[in-house]
Amino acid sequence: MVRAIVGANWGDEGKGKITDMLAKESDIIVRYQGGSNAGHTIINNYGKFALHLLPSGVFYNHTTSIIGNGVALNIPFLVKEVGDLVSKGVPRPQVLVSDRAQILMPYHILFDQYEEERLGKQSFGSTKSGIAPFYSDKYAKIGFQVSELFDEEALKEKVVRVCETKNILLEHLYHKPLISPDELLATLLEYREMVEPFVCDVSKYLHDAIKEGKSILLEGQLGSLKDTDHGIYPMVTSSSTLAAYGAIGAGIPPYEIKNITTVVKAYSSAVGAGAFVSEIFGEEADELRIRGGDGGEFGATTGRPRRMGWFDAVASRYGCRIQGATEVALTVLDVLGYLDELPVCIGYEIDGEITKDFPTTSKLNKAKPVYTTLPGWKCEIRGITKYEELPENCRKYIEFIEKELETPITMVSNGPGRDEIIYRK
Ligand code: GDP
């Protein structure tokens, strides 16, 4: 059975925790898009970890962790991440890397930085991990696939061609040091040595695993609203964040994805630029930011303070729909126990009209939030394991959100730990 775990919002919904939790019952966990640009925070019996590239299932002895072909593969980063886990006492994970994955090159990171510098105030708020230049090159067909590392003759020619185009931009657009084909080749040969032990025909491996009835998780990075096509373009990421892309980025048939567990955050947070209708500011935002997540809402990759907001039912319903959510895990609910009342954005006012449908970006930029208010529960809900034991107002909040999402909420997360979860029938 293949199950996808994806985000309905702007990312940082707590997918890492849900994946880590569900990985206990799974055989294989696959990353299928994105790269090391966003982080998943996981707290378990080994300690606290911020994973960036490895799937969040690497902490169990029985699981295989896969980097699918859709991922932006930063090879030194992968090796370091595996090494860091081992040095913190985690058993060496079994990691496989698709032979069709493409390699995130050192110059992708530089181009990301140079472009953000060049754009100045107009910048995208990129994490500068090289993701946009990487995917641009992949689709411009000047990327390097892992399999190409093993054909040295072809590689020698290709580095020359790639350096030609890159150096024109470096010289004339960015005025930065050029790259040399010889150095690039040497880097790639080093990468070959590093990645060789992990390389696998992942699509075939997963085909066999599906036939054997193995339990497979696809772990998404970021959320619906950062999807290149269906998100808040152009303030999006450069790969698809949707469960549907799991079929392509892992190399499996789309109809094998039977369950799409969509993670929804009980309030809103976002990193980077772009419209954020229910955003809050000042002390109200600071308080939620400090209380949020586990030890505050600050980026796992960059440490940047996240932008904060109230729960946005319009964006989250859309986020679930576009993922094809079959069920919802509602996370970080415990954080909201301090509030007397909880504003929930239930509509957008655009040019004097109220809509419940999430619009395209130019309209979204004009949207003003329409709020309703629900009473708070004013107590700590961590430690509660049964739904019926939650305070009534807390259940009302969950049930209100469930109705708005038009998707069953089957899990409620009330703490960052692996076992802090309430299952609902
Ligand atoms: P991801 O990218 O979707 O995996 O999310 P992140 O890891 O960036 O952000 C989620 C943050 O919230 C992390 O610090 C988690 O440890 C924390 N977290 C996850 N679920 C819960 C929860 O139910 N309650 C609290 N308080 N924190 C949570």
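Ligands are counted one by one from 1 in listed order, and the atoms in each one are counted from 1 as well. Nothing fancy with the numbering, it's 1 onward along the sequence.
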S.K.: Closest by any non-hydrogen atom to atom 6 (P) of ligand 1: pick that one out of Ile18, Thr331, Thr19, Asp12.
M.R.: Asp12
S.K.: Examine Tyr191 together with Phe144 and report whether their ring centres are nearer than 6.0 Å.
M.R.: no
S.K.: What I'd like to find out is whether the side chain of Thr19 reaches to under 4.5 Å of the side chain of Pro55, using heavy atoms alone.
M.R.: no
S.K.: Tell me whether Glu219 reaches ligand 1 (any heavy atom closer than 4.0 angstrom to a ligand atom).
M.R.: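 Outside the 4.0 Å threshold, so no.
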S.K.: Give the contacting part of Arg291 toward ligand 1: side chain, backbone, both or neither, where contact means a heavy-atom distance below 4.0 Å.
M.R.: neither
S.K.: Which of the numbered atoms in ligand 1 are below 4.0 angstrom from a heavy atom of Ser413?
M.R.: 20 (N), 21 (C), 22 (C), 23 (O)
S.K.: Provide the closest heavy-atom pair for Pro177 versus Tyr114 in the form atom of the first, atom of the second, distance.
M.R.: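 The answer is CD-OH, 4.3 Å.
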S.K.: Applying a heavy-atom cut-off of 4.0 Å, say which part of Val332 lies close to ligand 1: side chain, backbone, both or neither.
M.R.: both
S.K.: Looking at Lys17, which atoms of ligand 1 are within less than 4.0 Å of one of its heavy atoms?
M.R.: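 Within the 4.0 Å cut-off of Lys17, ligand 1 contributes 20 (N).
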S.K.: Does an N or O anywhere in Gly14 fall below 3.5 Å from an N or O of ligand 1?
M.R.: yes
S.K.: Kindly identify the option in Gly223, Gly293, Gly295 whose heavy atom sits closest to atom 11 (C) of ligand 1.
M.R.: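 Among Gly223, Gly293, Gly295, the closest heavy atom to atom 11 (C) of ligand 1 comes from Gly293.
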S.K.: In terms of relative ring orientation, are Tyr46 and Phe59 parallel, tilted or perpendicular, with 30° and 60° separating the classes?
M.R.: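 Rings of Tyr46 and Phe59: parallel, under 30°.
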S.K.: If we only consider heavy atoms of Gly11, is any one of them less than 4.0 Å away from an atom in ligand 1?
M.R.: no
S.K.: Looking only at distances, can you tell me whether any N or O atom of Gly16, backbone or side chain, sits closer than 3.5 Å to an N or O atom of ligand 1?
M.R.: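 So ligand 1 has an N or O lying under 3.5 Å from an N or O of Gly16.
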S.K.: Does Leu73 reach the side chain of Val195, with side-chain heavy atoms less than 4.5 Å apart?
M.R.: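 Contact flag for Leu73/Val195 side chains = yes.
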S.K.: Taking atom CG of Asp137 and atom OH of Tyr107, what is their separation to the nearest 0.5 Å?
M.R.: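 Taking CG in Asp137 and OH in Tyr107, the distance rounds to 5.5 Å.
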S.K.: Taking distance alone, with N or O pairs closer than 3.5 Å, would you say Val335 contacts ligand 1?
M.R.: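 Not met; the criterion fails.
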S.K.: Is it true that Lys356 and Glu404 have a side-chain N and a carboxylate O under 4.0 angstrom from each other?
M.R.: yes
S.K.: Run through Lys265, Arg307, Arg291, Arg304 and flag the one making a side chain to side chain donor-acceptor pair (under 3.5 Å) with Glu297.
M.R.: Lys265
